[in-house]
Protein chains: 2
Amino acid sequence: MPDAPPPSITPTPTGFTLLGLLSFGRELSGYELKRWADNLRFFWSAPAMSQVYREVERLAAAGLVAQRQVVRDGSRSTKVYRLTPEGERAVRDWLAAPPDPPVLRHPVALRVFFGHLLDPAVLRVAIEAHRAWCDDMLDQLGAVREGLGDDERWRNVAVVADWGLDYYRGERAAADGIEKTITAPE
Amino acid sequence: MPDAPPPSITPTPTGFTLLGLLSFGRELSGYELKRWADNLRFFWSAPAMSQVYREVERLAAAGLVAQRQVVRDGSRSTKVYRLTPEGERAVRDWLAAPPDPPVLRHPVALRVFFGHLLDPAVLRVAIEAHRAWCDDMLDQLGAVREGLGDDERWRNVAVVADWGLDYYRGERAAADGIEKTITAPE
DNA sequence: GCCAGCATGTAAGGAGTTACATGATTAT
DNA sequence: ATAATCATGTAACTCCTTACATGCTGGC
């Protein structure tokens, strides 16, 4: 008699992204999955460590990933996960479904919208902080992009990285534009 | 003896945005607040109806808004809310705090990232759906922008609307660019 | 007569966060 | 030695959503 059929729970969005990360073929630990997931932060929300552990357990319970105990360095042991065929089917189906609209929460836009409640100097500080954040993201994403090179295997990832670089450059330019509007009201 | 001091709870982000909406000076019902909040959807998440009612009750309990029973049309009655001085202080302080980084969740970027799991034709459909969504947002936001005119009272709102029009135009252009990359792989 | 819009809520649950708790290994 | 990184989890809580439930009013 084969194993009991895994309970058919539907993964959360984060669960699906973890399946996606495992679809690159490597066996990863929860810790490694978190670090890979952090690379999605340029266009997606990176999950908390604790959620990665919770989700990957759920995925294992559902049979979408296979768990394996690995002993490293003699005594220390780690759980690693790899995608099962069912898991791959699940991500594929999830991705093939019509996409939800993008989610955007833009604190700077919100502050301009409610600009009558803010001292212009404070608003300007917020805009400048945003620009600095954009620069930071551009640095980080630029580094990622360089690491990808033109390796055929990371072609799609590179496309997204290039898209992201444009996105954050646009974001930065928009911040500059808004700041001018604020500083020179008439 | 004055009224018991209102319990000092901190509003949720949605609660603060409701305070912000009330800071434009009008007394609004829960229903009207929801419709006003929907105008934030171009750069912020619009709350569900039920959450608006829950939050506005909490704000009233905290003394940040004042509730008033209004009888319309003889029998029908509505609760309307207006901002109290404490409420105004609370939003101001919230907005003056350093902004959180923007939140972005971009399903199309995610699909490109995991492009190896998708039939190119399906990916193209997703990109085209995204472009259609951008066009829709541009239409809606354009209509909002026109309604604002150059009324001095809506100056900041108009600045955000103009920013949004640029944002969605950029989004649309990026979708076109990505689609070309996908269609012509070499 | 019926449907769209106005109007208000409750109940249940989903998805995620922060804070806490623990401990081994590696590099400085 | 001590700090950073690797490694794994639990508990409590927040914020928000969907589904449900109800009823009035105005226009076609």
Side-chain angles (χ1 to χ4, degrees), chain A residues 7-19 26-38 40-41 44-62 65 67-81 94 100-101 103-105 107 110, chain B residues 9-19 26-38 40-41 44-62 65 67-81 94 100-101 103-105 107 110:
Chain A
S8 78
I9 51 124
T10 306
T12 62
T14 295
F16 281 117
T17 65
L18 296 181
L19 293 176
R26 292 213 210 148
E27 236 181 357
L28 300 170
S29 69
Y31 195 86
E32 287 168 324
L33 271 170
K34 161 65 176 161
R35 287 196 310 174
W36 284 49
D38 282 342
L40 302 175
R41 71 184 180 284
W44 197 256
S45 57
M49 192 75 252
S50 62
Q51 207 206 345
V52 171
Y53 284 115
R54 192 176 338 100
E55 272 310 306
V56 87
E57 275 302 326
R58 271 165 48 87
L59 296 174
V65 299
Q67 199 182 53
R68 192 166 67 90
Q69 199 75 223
V70 169
V71 177
R72 296 204 238 262
D73 318 314
S75 69
R76 211 164 142 209
S77 99
T78 301
K79 286 181 206 158
V80 291
Y81 300 87
W94 184 62
D100 290 331
V103 171
L104 178 65
R105 236 166 204 260
L110 191 76
Chain B
I9 52 126
T10 306
T12 63
T14 294
F16 281 117
T17 64
L18 296 181
L19 293 177
R26 293 213 210 148
E27 237 181 359
L28 299 170
S29 68
Y31 195 86
E32 287 168 325
L33 271 170
K34 162 63 177 163
R35 288 195 310 174
W36 282 49
D38 283 341
L40 302 176
R41 73 184 179 283
W44 197 257
S45 58
M49 193 75 252
S50 62
Q51 207 206 344
V52 171
Y53 283 117
R54 188 168 350 90
E55 274 306 311
V56 88
E57 275 303 326
R58 272 165 48 87
L59 296 173
V65 299
Q67 199 181 54
R68 192 166 67 90
Q69 199 74 224
V70 169
V71 178
R72 295 206 239 261
D73 317 316
S75 68
R76 215 164 139 204
S77 101
T78 301
K79 287 182 206 158
V80 291
Y81 301 87
W94 184 63
D100 290 331
V103 171
L104 177 65
R105 235 165 205 260
L110 191 75

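So that the names make sense, note that chain A is the first sequence line, chain B the second, and so on, each numbered from 1. Quick caveat: nothing in here was measured; it's all calculated off a predicted structure.
Note: CZ (B/R58) to C1' (C/dG9) measures 16 Å, nearest angstrom. The nearest whole Å value for the distance from the CH2 atom in A/W36 to the P atom in D/dA7 is 14 Å. Counting to the nearest Å, the C1' atom of C/dT8 and the CD atom of B/E55 are 16 Å from each other. In this structure, A/Y31 places its OH atom 10 Å from P of D/dT8, rounding to the nearest Å. In this structure, CD of A/E57 is placed 13 Å from C1' of D/dT10, rounded to the nearest angstrom. Following rounding to the nearest Å, A/D100 (CG) and D/dT17 (C1') show an atom-to-atom distance of 13 Å. Separating the CE atom of A/M49 from the C1' atom of D/dA4 is a distance of 16 Å, rounded to the nearest angstrom. Note: CZ (A/R41) to P (C/dT17) measures 15 Å, nearest angstrom.
The only option from A/L40, A/V52, A/L33 that meets the side chain to side chain contact (heavy atoms under 4.5 Å, CB included) definition with A/T17 turns out to be A/L40.
In the helix from C/dG1-D/dC28 to C/dT28-D/dA1, the end axes, each obtained as the rotation axis mapping the C1' atoms of four pairs onto the next four within a five-pair block, lie 30° apart to the nearest 10 degrees.
Summary of the strand contacts: B/Q67 and A/S50 both lie near DNA chain C, and taking for each the nucleotide with the nearest heavy atom, the more 5' one is attributed to B/Q67.
Between C/dA15, D/dG9, D/dC15, one nucleotide has an atom nearer to the side chain of A/T12 than all others, and that is C/dA15. Closest to the A/K79 side chain, of the nucleotides C/dA15, D/dT8, C/dA7, is D/dT8. Of the listed nucleotides (D/dT17, C/dT17, D/dT8), C/dT17 has the atom at the smallest distance from the side chain of A/Q51.
The nearest pair of heavy atoms linking B/Y53 to B/Y31 is OH-N, 3.6 Å. Smallest separation of non-hydrogen atoms from B/G30 and B/M49: O-CE, 3.6 Å. Contact record, A/S29 with A/T78: CB-CG2, 3.6 Å, taken as the closest heavy-atom pair.
Between A/Y53 and D/dT8 there is a side-chain N or O to OP1 or OP2 distance below 4.0 Å. In this model, the phosphate group of D/dC16 is approached by a side-chain N or O of A/R105 to a distance below 4.0 Å at OP1 or OP2.
With sequence neighbours excluded, no residue satisfies ring-ring contact (aromatic ring centres under 6.0 Å, His included) with A/W36.
Note on B/R35: only backbone sugar-phosphate atoms sit closer than 4.0 angstrom, heavy atoms only; bases stay farther off. Heavy atoms of A/T14 sit under 4.0 angstrom from primed sugar atoms or phosphate atoms, though from no base atom.
Distance alone, capped at 3.5 Å, is enough to place a donor-acceptor pair between the A/R58 side chain and the A/T10 backbone. One N or O on the side chain of A/K34 and one on the backbone of A/P47 form a donor-acceptor pair closer than 3.5 Å.
The base of C/dT17 sits within donor-acceptor range of the side chain of A/R54, with an N or O pair under 3.5 Å.
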